[in-house]
Amino acid sequence: MMKTPFVTKAQIEEIVKTYPTPFHIYDEKGIRENARKLKQAFAWNKGYKEYFAVKATPNPTILKILKEEGCGTDCSSYTELLMSEKMGITGSDIMFSSNDTPAEEFVLAKKLGANINLDDYTHVQFLKDTCGVPETVFCRYNPGGTFSISTTIMDNPGDAKYGMTKEQLFKAYTELRDAGAKKFGLHSFLASNTVTNDYYPTLAKILFEVAVELKEKTGIKLSYINLSGGVGIPYTPDKEGNDILKIGEGVHKVFDEVLVPAGLGDISLFTELGRFMLAPYGHLVTKAIHEKHIYKEYIGVDACAVNLMRPAMYGAYHHITVLGKENAPCDHTYDVTGSLCENNDKFAIDRKLPKIDMGDYLVIHDTGAHGFAMGYNYNGKLKSAELLLCEDGSIKQIRRAETPEDYFATLDGFWDVEV
Ligand SMILES: *Cc1c(COP(=O)(O)O)cnc(C)c1O
C-alpha cells in the first residue's frame, strides 16, 4: 500500500509561516473515522469500550476528540491520571493499567473511581494497605512461555515483567472478593504492534477460557475482559493493514464459542489501543538543512531522535515522503539524520528517496503514537510543537514548542546566578 501524507507541500508551506519545523501534526478526520470503525467492529458486544492508551499520545486535545467518539482513557501514571481528570474523563471511563505502581498513584486512581488493574498478586495486599479494595477491580494475566499464532511466535510473555500466573490470578480474585470487591475484570497484553487479524481473536480465546475456568473453580463471574493494546499498523508500505471489522468478527466468533455456552455471554469487552488509534494519523514534519557527502550520502534534517525515538531505540522503520516529490523516482540512497551526538540518530538508513534539495520538507509517517510522547531532552534539544489539522482544514496548535526557558525551569534561580 502506498503511503500518502495527509498534508500537501502547499499546506506545509503555509503552516511553517506560523509554526516553524520540526513539528508533529495530527489528522482529526482520520482519528475520528478510525475510532468510529473500531466502535462499529465491536458494536455486537454490549458494554464494549475503548480506553485510549494515553502514553501513546498524551495531549489533552487528542483525549477530547477521542472522548467525543466514546473512548475512555488507559492511564499508567500520576500525570496521565491528572490529564484524564482535567479532560473530564473520570470514574469507570478510566482504566488504570500500571505496573510497579507507586502508592500515591493507586490513591489517585481510587479517588477518581478508575478501574484499577492489578499487575501482580502482591498488589492485592498493597492496595488494601494504601487505599482499600474498590468495588470493581481488574487483574492482569501473564500465561508465560511464548505466544504464538498458529506456528508463528509473536512474543515471549515468559520474559515479560507484566502480569501474574494463573495460580496467582485465581488467588488474587478470591482474596479481592473476600475483601469486598463485587465486579471483576481480566486483562492481558501478549504481543505488540501485531499486523494480523488473528491477534485479538487468539488472545481473546485464551482469556475467555480463563474466565470459564475461574467461574468453575471459584464461582467468580467476570464482568469485563480487557484485550488491551497491541493491534498494530503497517509501518512499511509493503504490508497490508489490519482490518478492524474482521478482527471484531473474529473475537465475536470466539465469544460465542467459549463464553456464551458457559453462561458468561454478558461480559463486556474493553480495548486499550494506542498505536492503532493514532499512529497513522500523525506526521513528524521536518526540513532538510544539510547534505553531506563522505563515505555515504547524508541528509541532515531539523528534527532529531528527541522528536521521534523509535528508529534510534528499536531500529524502527518510518516511511518518509519528500513533499512535492511524491511521484519523483527514488533514485538516491540516503541516511537521513538528526543532530544528536549519537550515531543512532538516524530516521532512515540507506533509504531510497528522490533527490533531496536543501529546504525540502520531509514527512515522517506514522508518528501519531509513541512519537512525540517518547520525547526527551538529550543534548539540550527541545521538544517540538504539536499541531492539529482540524476537520474543517484549519490548523490549531495543541501544544507549543519548548523554549530554553522551559528547559531551565527546573533549575531554581538559574537565570539569576552571577558568574
Ligand atoms: C502501551 C500499552 C497499551 C497500548 O499499546 P499499543 O501497542 O499502543 O496499542 C495498552 N495497555 C497497556 C497496559 C500498555 O502498556
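Note that ligands are numbered from 1 as they come in the structure, with each ligand's atoms numbered from 1 the same way.
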* Measure from the ring center of Phe270 to the ring center of Tyr224 and say whether it is less than 6.0 Å. =>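 Centroid distance Phe270-Tyr224: below 6.0 Å, so yes.
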* **Ring centers of Phe347, His318 separated by less than 6.0 Å** =>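 Not close enough - the centres of the two rings lie 6.0 Å or further apart.
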Mind listing the N or O contacts between ligand 1 and protein, cut-off under 3.5 Å?
from     : atom 1 : to     : atom 2 : distance (Å)
ligand 1 : 8 (O)  : Arg275 : N      : 2.8
ligand 1 : 8 (O)  : His370 : NE2    : 2.8
ligand 1 : 9 (O)  : Gly230 : N      : 3.1
ligand 1 : 9 (O)  : Gly274 : N      : 3.0
ligand 1 : 11 (N) : Asp74  : OD2    : 3.2
ligand 1 : 11 (N) : Glu272 : OE1    : 2.6
ligand 1 : 15 (O) : Lys55  : NZ     : 2.7

* Which pairs count as ring-ring contact (aromatic ring centres under 6.0 Å, His included) when at least one residue sits in residues 144-174, sequence neighbours excluded? ->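 Only Phe147-Tyr199, Tyr173-Phe184 qualify under ring-ring contact (aromatic ring centres under 6.0 Å, His included).
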* Is the centre of the His24 ring less than 6.0 Å from the centre of the His283 ring? ->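 Not close enough - the centres of the two rings lie 6.0 Å or further apart.
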* Asked: With under 30° as parallel and over 60° as perpendicular, where do the rings of Tyr378 and Tyr376 fit, or are they tilted in between?
  ->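 Parallel.
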* **4.5 Å side-chain heavy-atom contact, Leu118 and Leu176** =>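 Yes - at least one pair of side-chain heavy atoms lies under 4.5 Å apart.
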